[in-house]
Amino acid sequence: MTTFRQSRSRLRTPLNRCCPSWLWVCFAALVGTEPRRTQGLKVTSTGLETIQRAEGDSVALGCSYTLSPLDRGEIDIEWSVLSPDTTKKDQMLLSYTSGTKYHHGGPGVAEGFSFAAGNPSKGDASLAISQLSRVHSGTYQCKVKKSPGVDTRKVSLVVKEKPSVPKCWLEGGELVSDAVSLHCRSSKGSTPLKYKWRRESKDPMPAAATQDSATGELRISNHTQSFAGIYLCEVNNAVGAEHCRISLRANKPPNRAAVMGGKAVGSLLLVLILLVFAGLLLWKLKDRQHRDKEFSNEIREDVPPPDSRPVSRHTGRNAGQTPQSAYGWADQNEVSSFIAGRTHNPSSYSQGQTAVKHAPAGYDSKHRYAV
């Protein structure tokens, strides 16, 4: 017995030397005040941490939880949108406390948000959002608390635009042995958009065909009869898909000799038409010049006589007087009467006057007047 006590005292002596008794007392006090780890309330929702949805759709952000007998307090649930800027406060959306639901942030902010379950205190605090739009994109946090248990879950929501119905069209001829390209393009939709061509008849794609999933082009370098048929183009992104169809034919190439002959005949006909037109135009111009010349000659023949005539050979009684003559249009009968009337009558002269003998008047047949 004495030997055991001596051995124990020898074992304790080194420990007492390095760790005084007061240090053991402090260590025991710290152990007694260490926070207890609880195995109480826990959010059990699993699934994608990032959810992508299309505009106009609805979504439910899961937040299921389980309670523990150790949780004694009131259930408290909060949904909020985390701010990308850590220096700013998060936006509270919904809360549930003491059996009452609360909307936060005003009608414009909380519109479309609601608890998916009628009673969130029964283990399902999921958030429902209807009529999604781009403004709903963000990181959401669910916080469930029932003292002493508390747990949280974060979910990222990305709202995108579905691709619109694409347009299919064809470039190049549909002739056998020629190259042909099929194109597909969607005017709307969140990027990235991916295009894929396939044959509607389930036949394999032509070995000579290459397609670009980014641009939507399907190119066939050597078209053959076996490639003819209906082709379907599908465009998709993370939230939706659309498609369009186009029919591809395989036409035999035309006879090149006949085409060349037809072009030659057409060229000759065109030259002939131009020559005929030029001949008609030249004939028209010459005919017009001839008509203008004839019209000018007719005007010369119908021109009236000059206004003045040469002075008559007959003079007045006085030698100093300027010879006077009266002219007018007259025919031969009128000239004869005029000559007869001018016969000398001696009684018509006054006494002492000498009778003047007048020469007989002549007639100018060209200008049709007496001279």
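Keep in mind that what you see is a predicted model, and the values were worked out from it rather than measured.
- In this structure, Lys101 and Pro120 approach most closely via the heavy-atom pair CE-CD, 3.9 Å.
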Report the C-alpha separation of Cys244 and Cys184 in whole Å, then their side-chain angles, then the decisive distance to 0.1 Å, and conclude whether the disulfide (SG to SG under 2.5 Å) test is met. CA-CA 8 Å; Cys244 63; Cys184 176; 3.9 Å; no
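- A distance-only check finds a donor-acceptor pair linking the side chain of Asp71 to the backbone of Gly149 [under 3.5 Å].
- Judged by distance alone, the side chain of Ser137 and the main-chain N or O of Val159 form a donor-acceptor pair under 3.5 Å.
- The line from CE of Met92 to NZ of Lys143 is 8.0 Å long, rounded to the nearest 0.5 Å.
- Separating the CG atom in Leu41 from the NZ atom in Lys146 is a distance of 8.5 Å, to the nearest 0.5 Å.
- The CD atom of Glu78 sits 10.5 Å away from the CG atom of Asp90 when rounded to the nearest 0.5 Å.
- The sulfur atoms (SG) of Cys63 and Cys142 lie less than 2.5 Å from each other.
- In this structure the side chain of Tyr231 never reaches within 4.5 angstrom of the side chain of Leu170, judged on heavy atoms.
- Both Leu280 and Leu272 are members of a single hydrophobic cluster when ILVMFWY side chains are connected at heavy-atom separations under 4.5 Å.
- Contact check on Glu200 versus Arg245 returns a salt bridge, with a Lys/Arg side-chain nitrogen under 4.0 Å from an Asp/Glu carboxylate oxygen.
- The two residues Cys233 and Pro166 come nearest to each other via the heavy atoms O-CG, 4.5 Å.
- Using a 4.0 Å cut-off between a side-chain N of Lys or Arg and a carboxylate O of Asp or Glu, Arg134 and Glu161 qualify as a salt bridge.
- Counting heavy atoms from C-beta outward, Ile77 and Phe115 have side chains that approach closer than 4.5 Å.
- At a cut-off of 3.5 Å, with distance as the only test, a side-chain donor of Ser186 or Ser164 sits close to an acceptor on the other residue.
- A heavy-atom distance below 4.5 Å is not found between the side chains of Ile230 and Ser201.
- When side chains are defined from C-beta on, Leu157 counts as touching Val59, because their heavy atoms get closer than 4.5 Å.
- Between the Arg185 side chain and the Thr215 main chain, a donor and an acceptor come within less than 3.5 Å of each other.
- Side-chain contact annotation: Asn236 with Tyr195, donor-acceptor N/O pair under 3.5 Å absent.
- For the pair Ile51/Leu61, a side-chain contact is recorded, criterion being any heavy-atom separation below 4.5 Å from C-beta on.
- Ring geometry, His183 versus Trp169: the interplanar angle falls under 30°, so the pair is classed parallel (tilted spans 30 to 60°).
- One side chain, Arg219 or Ser181, offers a donor N or O that lies under 3.5 Å from an acceptor on the other.
- Transitive grouping of hydrophobic side chains (ILVMFWY, heavy atoms separated by less than 4.5 Å) brings Tyr96 and Leu94 into a common cluster.
- For Thr97 and Asp76, the side-chain atoms include at least one donor-acceptor pair closer than 3.5 Å.
- Looking at Lys194, its side chain never comes within 3.5 Å of a backbone N or O of Gly216 through a donor-acceptor pair.
- Summarising the geometry, atom CD belonging to Glu55 is positioned 7.0 Å from atom OG belonging to Ser133; distances are rounded to the nearest 0.5 Å.
- The number of heavy atoms from other shown groups lying within 6.0 Å of NZ (Lys162) does not exceed 12.
- In this structure, a donor-acceptor pair under 3.5 Å is absent between the side chains of Asp85 and Ser83.
- Take Gln91 and apply the side chain to side chain donor-acceptor pair (under 3.5 Å) test, not counting sequence neighbours, and it matches no residue.
- Crowding of Lys167 atom NZ: a count of heavy atoms from other residues, nucleotides or ligands under 6.0 Å not exceeding 12.
- Side-chain contact check for Lys160 and Gln52: at least one donor-acceptor pair (N or O, by modelled atom type) lies under 3.5 Å.
- Interatomic distance, Ile220 CD1 to Leu182 CG, rounded to the nearest 0.5 Å: 5.5 Å.
- Linking ILVMFWY residues whenever their side-chain heavy atoms come closer than 4.5 Å, directly or via other members, places Leu132 and Leu127 in the same cluster.
- Both Leu248 and Ile246 are assigned to one and the same hydrophobic cluster, defined by single-linkage of ILVMFWY side chains at heavy-atom distances under 4.5 Å.
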side-chain contact (heavy atoms from CB on, under 4.5 Å) assessment of Gln141 paired with Val81: CA-CA 6 Å; Gln141 177 178 269; Val81 180; over 6 Å; no
Output, in order, the C-alpha distance, side-chain angles, deciding distance and verdict of side-chain contact (heavy atoms from CB on, under 4.5 Å) for Phe227 and Met205. CA-CA 8 Å; Phe227 296 162; Met205 293 291 291; over 6 Å; no
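- Side-chain contact between Val144 and Asp151 is absent, with no heavy atoms from C-beta onward closer than 4.5 Å.
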Could you go through the side chain to side chain donor-acceptor pair (under 3.5 Å) check for Arg153 and Ser64 one step at a time? CA-CA 10 Å; Arg153 183 174 187 255; Ser64 300; over 6 Å; no
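- With 3.5 Å as the limit, one finds no donor-acceptor pair spanning the side chains of His223 and Glu174.
- With rounding to the nearest 0.5 angstrom, the OG atom of Ser68 is 12.0 Å from the NZ atom of Lys42.
- Of all the heavy atoms in Ala209 and Leu218, the pair that sits closest is CB-CD1, 3.8 Å.
- A donor atom on one side chain and an acceptor atom on the other are found under 3.5 Å apart for Thr224 and Ser226.
- Annotation: side chain of Trp79 is in contact with side chain of Tyr140 (closest heavy-atom distance under 4.5 Å).
- Contact check for Trp197 versus Leu232: no side-chain heavy atoms found under the 4.5 Å cut-off.
- When the shell of 6.0 Å around CZ of Arg249 is examined, it contains 12 or fewer heavy atoms from other residues, nucleotides or ligands.
- Heavy atoms only, all atoms of each residue included: Ser190 and Asn237 are closest at O-ND2, 3.1 Å.
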